[in-house]
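Have a look at the structure below, then the notes.
One-based numbering, in listed order, for ligands and for the atoms of each.
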Amino acid sequence: MAQLALLGGDKAVQMSSRDMFRWPIITEEDEQAVLEVLRRGAMSSTDVTKKFEQEFAEWQGAQFALGFCNGTASLHAAMYGCGVGVGDEIICPSITYWASALPCLSLGATVVFADIDPFTLCLDPNDLEHRITRRTKAIVVVHYLGYPADMDAIMAIARRRGVKVIEDVSHAQGGLYKGRKVGTIGDVGAMSLMTGKSFAIGEGGMLVTNDRALYERALTLGHYERYTPDLETEALRPFAGLPVGGYKYRMHQLSSAMGRVQLKYYDSRCEEIRRAMNTFWDSLEGVPGIRAHRVDPASGSNMAGWYAAHGHYVPEELGGLSLTRFAEAVRAEGGICSPGVNMALHKHPLLNSCDIYGHGKPTRLANTDRDVRQVEGSLPVSERINYRAFYLPWFKKFYPEIIEEHANAYRKVCENYRDLLAEDKGDPVMMGRAGTTTRG
Ligand SMILES: *Cc1c(COP(=O)(O)O)cnc(C)c1O
């Protein structure tokens, strides 16, 4: 048995990772596109952005695409486009980034959290329908860490109950669910294109939909210069040209210029990522203590750009070894491992006690006559998932020798877990990330 590096042995990862983790991939073509906008002084125009939107819509297979300054703004506008307003509720998984849920608060609405499925890490359709009330306007679905959510089951419930579905595609741009591109299976897709995401253009967001009325309403929130009197939705016409929402959400053209170049290569780069990630997991198939978070390709689904790749941790198979100690041992091998995913939002003080706008009560309860707060223990999977999932190397290149070394780091720790039990101090009470999902 090899000695673990944490206990004085040699490291499993010896090779340099070269450009394995560099992302996004920037070439002279990106640089030239950005320089062209800079030299022309067209940073605040919309000519490049409109071309980007057109190409994006075509690639997405959507009728409409609308660029935003970031993903948060695109989600805000998607909610507004769905008619979310004062007194309304949205349903959102508890395990996600803040922006999947919080923009509803500034619309005067509130959020009810649903649990996630312990394997997919996406909204659990079995924990959805009983949360729908007459106030529910929209369900936000997150294709978490690239895994496409169970859209068939979710759409069936949403259609039956007359509730809109917003897909937060920030982790899964270009991904497939049973052969269909995520983002336009629901009523509207909204996504971040910021630098940490798999579709990375600096700061930016995109909204996609096939629903003209939804698109036009979403546009009025923060795109005053495109809010023209010729909109088809008559009710919107009286305030044309005005920033009705009080927001300004236009995409920066240094980002849209880069986006046009990135789009050309995005699918093939994602394919290389998936090849690399699948090679890593194929190599670890059957190793006790860890499981891949990935789809069966025979289903016609895929993991898109495998955003912030994570794995499942099964401590029962490793004598109850804490995830914290496990991750420490993998890192000592030169590997990449960090415990947890996002924090469960339903337990956070921001959603339970914080009075953001001065209503004299928690903002989550500002416009509702029922207490929608969810106590500890109410979403058991979300509350435990940070002890059972971990960030791992998110390979961008197919370099089999380097991938094998990283797989070896995991294999070595899983096979020698007994050596780690004696000095295991356990996991801390607080696990998970309050900020971004990305590490590494
Ligand atoms: C990153 C992210 C967002 C927010 O996008 P920004 O571009 O950072 O505003 C929204 N939802 C999810 C799931 C994200 O990961």
Side-chain angles (χ1 to χ4, degrees), residues 23-24 49 52 56 65-80 90-106 111 113-114 116 120-123 138-149 165-175 182-183 186 188-208 218 221-222 247-252 254-256 258-259 262 293 303-310 340-345 348 350-351 382 385 389 391 394 432-440:
W23 197 260
T49 299
F52 181 39
F56 198 95
L66 184 61
F68 283 81
C69 54
N70 57 47
T72 305
S74 73
L75 281 154
H76 193 197
M79 290 175 195
Y80 186 70
I90 65 162
I91 297 173
C92 176
S94 184
I95 297 291
T96 182
Y97 178 68
W98 298 107
S100 306
L102 289 194
C104 80
L105 297 179
S106 61
V111 55
F113 291 102
I116 57 164
T120 70
L121 306 181
C122 301
L123 180 68
I139 298 160
V140 177
V141 177
V142 185
H143 305 294
Y144 198 63
L145 305 172
Y147 201 108
V165 172
I166 299 168
E167 291 179 75
D168 183 343
V169 195
S170 301
H171 294 189
Q173 301 89 345
V182 296
V188 57
M191 67 200 86
S192 173
L193 304 176
M194 58 82 74
T195 307
K197 302 291 154 74
S198 45
F199 200 127
I201 68 168
E203 289 291 339
M206 193 65 86
L207 178 148
V208 290
L221 189 70
Y247 300 98
K248 185 186 164 194
Y249 280 166
R250 187 191 306 160
M251 184 182 277
H252 196 303
L254 296 187
S255 287
S256 44
M258 180 177 163
Q262 289 290 315
H293 176 239
M303 295 292 285
W306 219 302
Y307 171 71
H310 279 64
V341 286
N342 287 111
M343 279 173 83
L345 298 183
H348 198 280
L350 180 52
L351 287 144
S382 299
I385 198 64
Y391 179 78
W394 180 18
R433 285 153 234 162
T436 65
T437 329
T438 319
R439 277 274 178 93

| said: Let's go through F56 and F199 carefully: what are the C-alpha distance in whole Å and the side-chain angles of both, what is the deciding distance for ring-ring contact (aromatic ring centres under 6.0 Å, His included) to 0.1 Å, and is it a yes or a no? | reply: CA-CA 12 Å; F56 198 95; F199 200 127; 5.7 Å; yes

| field | Reported CE-to-CD1 distance for the pair M206 and I201, which is rounded to 0.5 angstrom | value |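 Here the rounded value is 6.5 Å.
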
Below the 3.5 angstrom mark, is there an N/O of [X], backbone or side chain, next to an N/O of ligand 1?
| X | result |
| --- | --- |
| D168 | yes |
| T72 | yes |
| L75 | no |
| H171 | yes |

If you count the atoms of ligand 1 from 1 in the order shown, which ones are under 4.0 Å from a heavy atom of [X]?
| X | answer |
| --- | --- |
| T96 | 13 (C) |
| S170 | 2 (C), 3 (C), 10 (C), 11 (N), 12 (C), 13 (C), 14 (C), 15 (O) |
| S100 | 11 (N), 13 (C) |
| M194 | 7 (O), 8 (O) |
| G71 | 5 (O), 6 (P), 7 (O), 9 (O) |

Verify the distance criterion only: is there a donor paired with an acceptor across the side chains of [X] and [Y] at less than 3.5 Å?
| X | Y | result |
| --- | --- | --- |
| H252 | E203 | no |
| N342 | Y144 | yes |
| S170 | S192 | no |

| What do the steps show when you test T49 against R250 for side-chain contact (heavy atoms from CB on, under 4.5 Å), and what is the final call? | CA-CA 9 Å; T49 299; R250 187 191 306 160; 5.9 Å; no

| request: Given side chain to side chain donor-acceptor pair (under 3.5 Å), test H171 with Y97 step by step and report yes or no. | output: CA-CA 10 Å; H171 294 189; Y97 178 68; over 6 Å; no

| Just going by heavy-atom distances, which of G205, S192, A101 is nearest to atom 5 (O) of ligand 1? |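 Among G205, S192, A101, the closest heavy atom to atom 5 (O) of ligand 1 comes from S192.
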
| remark: If you compare K197, M191, H76, M206 by their heavy atoms, the one closest to atom 2 (C) of ligand 1 turns out to be K197

| query | Minimum heavy-atom separation for H310 to G340, with atom names? | reply | NE2-O, 3.2 Å

